[in-house]
Each structure stands twice: as structure tokens, then as C-alpha cells.
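Data block below; observations after.
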Amino acid sequence: MAVGEDWSCDANDALHITVVQPGDTKPKTLSTFHPQFTYPIFGDDEQIFGYKGLVIRLRFAAHDLRPHVHISYDDRFKAVDDTAATDLLGTLKPFIPEEALINLPEYEKNVQEDPSAKDFSPPGKLVYSYDVDERNYEIWAGSLADPAVQKILDRAQVLVSLFIEAGTPLDTDDPEWSLERWTVFFVYEKVKPTTPTASSYSIVGYATTYRYWMYQRDRSETPVVKDVAFPLPELKISELPARLRIAQFLILPSHHRSGHGTHLYTTIHAFCLAGPTITELTVEDPNEAFDALRDSADFCLLRPEFLKHNVNLNPDPNGIYSGKKRPTVVPTNALIPTQTLREVRTAFKIEATQFAHILEMYLLSQIPKSHRLAGGTNLARLLIKKSKADNPDDRRYYWWRMLTKQRLYKKHRELLDELDLTDRVEKLDDTVRNVEEGYEITLGALEGRLPEPEDEITEASSRGRGKRKLAVSDDEDEEENGAEAAKRPKV
Ligand SMILES: CC(=O)SCCNC(=O)CCNC(=O)[C@H](O)C(C)(C)COP(=O)(O)OP(=O)(O)OC[C@H]1O[C@@H](n2cnc3c(N)ncnc32)[C@H](O)[C@@H]1OP(=O)(O)O
């Protein structure tokens, strides 16, 4: 319909997100950017009907995220029968706090003359400080049961719909015991105040995390019906064994690719390590960019441990398979030190699938590139020679593919078993190749950035963490298939 085409505009272009701070006489813009998505607000087509020259400006004060919505346009479609311009305020209202709807001069006055700005400090406790390019940043963490945390989070929530695909804002009206499960991390830049009354904090990003009860069955005990006194003693959620799950993770576009996401992630991981009842760190629906960030961070974290323990693939597992006899199973325990790896995984509280990815990536990196697909190795030849290849690095690469295939097969067994043998083999081959290519991208990005192995071993030793066992054993499957396994789209 011609009317519709003329009067429609792209919602992502129309929406401008602006971070403001006090200026000489009125608030000034610190940064401005467009959202990545608007479909949760304006529908799948991300189109707004009925305006020409539409600008929806969503302002946030840099320190406390005080919000404001301002709508302007050159022309508006006059309603014809049932066809009318989108009700912008009505559409936006469920996503923004009521306080954002005051008039612009009043908002600007509130920001410019905010009497509490000078003494503002982010909610929660300061947990980490760092510098990037001679600018100072701080990470603060607080419970969602804290009204100060809730206030900033409520103001920030619309950003979830605008930047995190399939992300949904949290319900901060939940009962207190439930809110207490949540810890929110805020990243702020420590800035020179722009006016004598302005704040010295400017938002960079934030993440929400929650404790997720972890069922742990003591297999040595036979379940029995117990005679317990009623009522039961009150349980404190913080005292129960739990996984910590990252729900929403966001760095404002004006601060992307400066390492803030990595600092935020490693701070959350450190919080997880310090929590005596937290057993593991997991992530809810990570996207590709987050996976890349997490893989690099976890690789840098675990590599010194792997080096310290001389983790590598045994090219001659037990010596028995290199002879004439062809192995019928992947000799996992003879290929990698599963006991040590389980200890490392437990000590570092890394979720099983993620640990397997990092381990595979590390083992791959220990094979010289010329013996990997990325370095042009002769795969067809290797697939004939298999574990009997002459060169130990070729055998390592052969076993690397087998180990990775074993994990992939266990993970996708149901799906793969539906295929006939030829298709199954082909599918697994394709998948292992995709996985390998993904690892090569991360390894390539890290190349030149990692310290020398000797320096890393010293660093790992001085950290002195505990240990136990992992890998691609059947026990791991049980953990992965539990309701608590992270929903990773990655294989
Ligand atoms: C659980 C969830 O919430 S999943 C959703 C995650 N959040 C979002 O997607 C919201 C919008 N995006 C963001 O907030 C940010 O882009 C983040 C959180 C994904 C990344 O934050 P940043 O501060 O830019 O990450 P950081 O600078 O630490 O980058 C670390 C590494 O992650 C990877 N990475 C970061 N962003 C991207 C990207 N867009 N695409 C691919 N890789 C990326 C890179 O390997 C990068 O290292 P490099 O810059 O040296 O190449």
C-alpha cells in the first residue's frame, strides 16, 4: 500500500540513545548511538508507521541513568479509517519508567541541578578497579534486594530490549528472598566532574547474575524417608550450593572493544570463585560476541594451568594403539590427564561444556599449525594413516579430532543416531571442522597477546589453586544434560 510505504520509517534509525551530563548551562551529550534491535517494542519489522523526520530520543543521565523520552517529527499521518500513526508513547510506556515522561526543560533542570550528583557513588560495593588508556574504571556489585541497585537497574532495563537479542527485562517486584538471588555488576568510568556539582561517575555497562540452585546427590547414600521436625528450619538461598548464571550482559556501544566486557566477565568469574557455595559459572543464551569474549577470557585464565600441568595430547596412548591393532574406542584416559583436568575445572568453577571447548582449543594450539587443517595438513593422508601416522604431531591431530568428535557425538547422540552411518560420519566431520575453524579464529585473535609459556607457568603456580577431574567422560554427560546446563547455541 503506497500510504504505508511513504509513511514508514526504520525504528532502529528513529531511536537515538543519548547519554548526558551537566554542561556549562544545560546538559550536554556525552555519547549518542542507535539500538541494535527494536523488535520487542515496535514489532518484528522494526518499522514505525505514520511519521516523517521522526526522532525518538531516549536520554540517560551518565551517573544515575535518570531517563527521558523526547519525540519529535516533521509530519504525522492523519488517520484514515482504521489506519493511524503508531501511538509512540503508548508503545514505549511498558518499556520505560514513568519518570521518563516529564517535559524536556524539567528533565534538563533535574540533570543540571541534581543536588545528589556530586556525592553519587554507584550502588553496592566497589569490587574492582582498572585502567584503560589512562582512564579509570570501577566495577561495583550489589544485591537486587538493595533499592539503590533496583533504581538504576529499572532505569537501564529498556537497554536489554534494545541490545540483547531475546533479552527480557527483570521483574524487580519479586519477593525479597528471590531478589536476593540476584547480584548486579555495574561498570563505571571515574571521570573529572564537568561542573562543581556534577558526578564523578559515568556509566559504561552492567551485568545481572543470579544464583541457581544446584542439585547434588550424594551417590554413596541410599535415599530413605526421614522423620524430620516440622516446620523445617528456614533455608537461606545464599547458603545452598548453586551455580551463578549471567543473565544480561551489556557494554554501551560507545565503550565497545576496549576490554570492558572482558573486565566485567573476569570480575564476575572472580566473584564466583570467592563464593564458597557457588560451584560453577554459567551463562544464559550467550550470543556470538559474548561467546568470543568468554572463550578468550577463559582461555587466558586456563592456559597457565594447562601449561603448569604439561597438559597435552599423548600421541601414543598407552603405546597399545600405535601397533597393528585398530582401536575401537577413544582411549580418553590415556590421551589426556582426565584426573588433573577435572581438578582444574572444579577449582576454576568453569561449566563442563565451556571447559571442554577451552581444553580442545588449548590442545589444538599445542599442535604445530603445519599439522592442523589451518596450516594445510594433508587430511586425506592422515585419515588413511590414522593413529599410525609417522609424525607424532600428525597422530596428536588425529587424536584431537577423535576426542572432539567423541564429545560432539555424545552431545548430539539422539540426533545423529537417526542418520544412517555414512550421513552420521559426514555430519560429524562437518561439525568438527566448524568447531576447529571457530577455535582457529579465537586462537588467531589471541596470537601475539599471550605471555611466554614460562611466565604463565610462574603466574599459575603463584596462584596455587586446588584440583580434581574432568573431560569427555560419561559422567560429564550427566552434568551437561541436567536442567542447569547453559543454553549455548554453539556445538
Ligand atoms: C548473556 C548475554 O547477555 S549475551 C549478550 C551479550 N550482550 C550483547 O550482545 C549486548 C551488546 N554488546 C555488548 O554489550 C558488547 O559488544 C559485548 C559485551 C558483547 C562485548 O563487550 P566489549 O567490551 O566490546 O568486549 P571486549 O572489548 O572485552 O572484547 C573482548 C573480545 O571479545 C570479542 N568480541 C567483543 N565484541 C565482539 C563482537 N561484536 N563480535 C565478535 N567478537 C567480539 C573479541 O574477541 C574481543 O577481543 P578484541 O576486541 O581484542 O578482538
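Indexing begins at 1, ligand by ligand and atom by atom, following the structure's order.
- For atom 33 (C) of ligand 1, the choice among G167, G205, A292, G259 with the nearest heavy atom turns out to be A292.
- For atom 32 (O) of ligand 1, the closest non-hydrogen atom of the protein is L293 CA, 3.3 Å.
- For Y265 and D298, the side-chain atoms include at least one donor-acceptor pair closer than 3.5 Å.
- Of the listed residues (G261, P35, S258), the one carrying the non-hydrogen atom nearest atom 23 (O) of ligand 1 is G261.
- When non-hydrogen atoms are compared, ligand 1 lies under 4.0 Å from the backbone of A247 (N, CA, C, O) but not from its side chain.
- Taking all heavy atoms of R294, R257, E165 into account, the minimum distance to atom 38 (C) of ligand 1 is reached by R257.
- Checked against the 6.0 Å centroid criterion, the rings of Y210 and W182 qualify as a close aromatic pair.
- A donor-acceptor contact closer than 3.5 angstrom links the side chains of Y130 and H260.
- At a heavy-atom cutoff of 4.0 Å, ligand 1 is contacted by the backbone of E284 but not by its side chain.
- Heavy atoms of A445 stay at 4.0 angstrom or farther from ligand 1.
- Among pairs with a residue in residues 148-174, those fulfilling salt bridge (Lys or Arg N to Asp or Glu O under 4.0 Å) read D64-R155, E99-R155, at least two apart in sequence or across chains.
- Under 4.0 Å from ligand 1, the heavy atoms of I164 that appear belong solely to its side chain.
- With ligand atoms numbered from 1 in the order given, ligand 1 contributes 3 (O) to contacts under 4.0 Å with heavy atoms of Q248.
- Residue-ligand proximity, R449 to ligand 1, at heavy-atom distances under 4.0 Å covers atoms 48 (P), 50 (O), 51 (O).
- From the protein, the heavy atom lying nearest to atom 28 (O) of ligand 1 is T262 OG1, 2.6 Å.
- Cation-pi contact between R245 and Y212: present, with separation from the ring centre below 6.0 Å and deviation from the ring axis of at most 45°.
- At a cut-off of 3.5 Å, with distance as the only test, no side-chain donor of E180 or S143 sits close to an acceptor on the other residue.
- Remark: minimum distance from atom 6 (C) of ligand 1 to any protein heavy atom is reached at F249 O, 3.4 Å.
- At a heavy-atom distance under 4.0 Å, no atom of A297 approaches ligand 1.
- With a 6.0 Å radius and a threshold of 12 heavy atoms from other residues, nucleotides or ligands, E98 has its CD atom at or below the threshold.
- Atom NZ of K349 sits in a crowded spot, with more than 12 heavy atoms from other residues, nucleotides or ligands closer than 6.0 Å.
- In H256, the parts holding a heavy atom less than 4.0 Å from any atom of ligand 1 are both the side chain and the backbone.
- Residue contacts with ligand 1, taken as heavy atom pairs separated by less than 4.0 Å, involve V283 solely via side-chain atoms from C-beta onward.
- Only one option out of W140, F249, F271 pairs with F185 in a ring pair (Phe, Tyr, Trp, His ring centres under 6.0 Å); it is F271.
- When Y265, F163, F37 are ranked by how near their heavy atoms come to atom 10 (C) of ligand 1, first place goes to F163.
- Defined by atom type and a distance below 3.5 Å, a donor-acceptor pair is present between the side-chain atoms of T18 and T32.
- Between the side chains of E46 and N12, at least one donor N or O sits under 3.5 Å from an acceptor N or O.
- Using a 4.0 Å heavy-atom cutoff, Q36 is listed among the residues neighbouring ligand 1.
- Neither the backbone nor the side chain of R245 has any atom closer than 4.0 Å to an atom of ligand 1 (non-hydrogen atoms only).
- For T282 against R294, the heavy-atom pair with the smallest separation is CA-NH2, 4.3 Å.
- Residue I251 has at least one N or O atom closer than 3.5 Å to an N or O atom of ligand 1.
- Listed by atom number, the atoms of ligand 1 under 4.0 Å from H260 heavy atoms are 23 (O), 28 (O).
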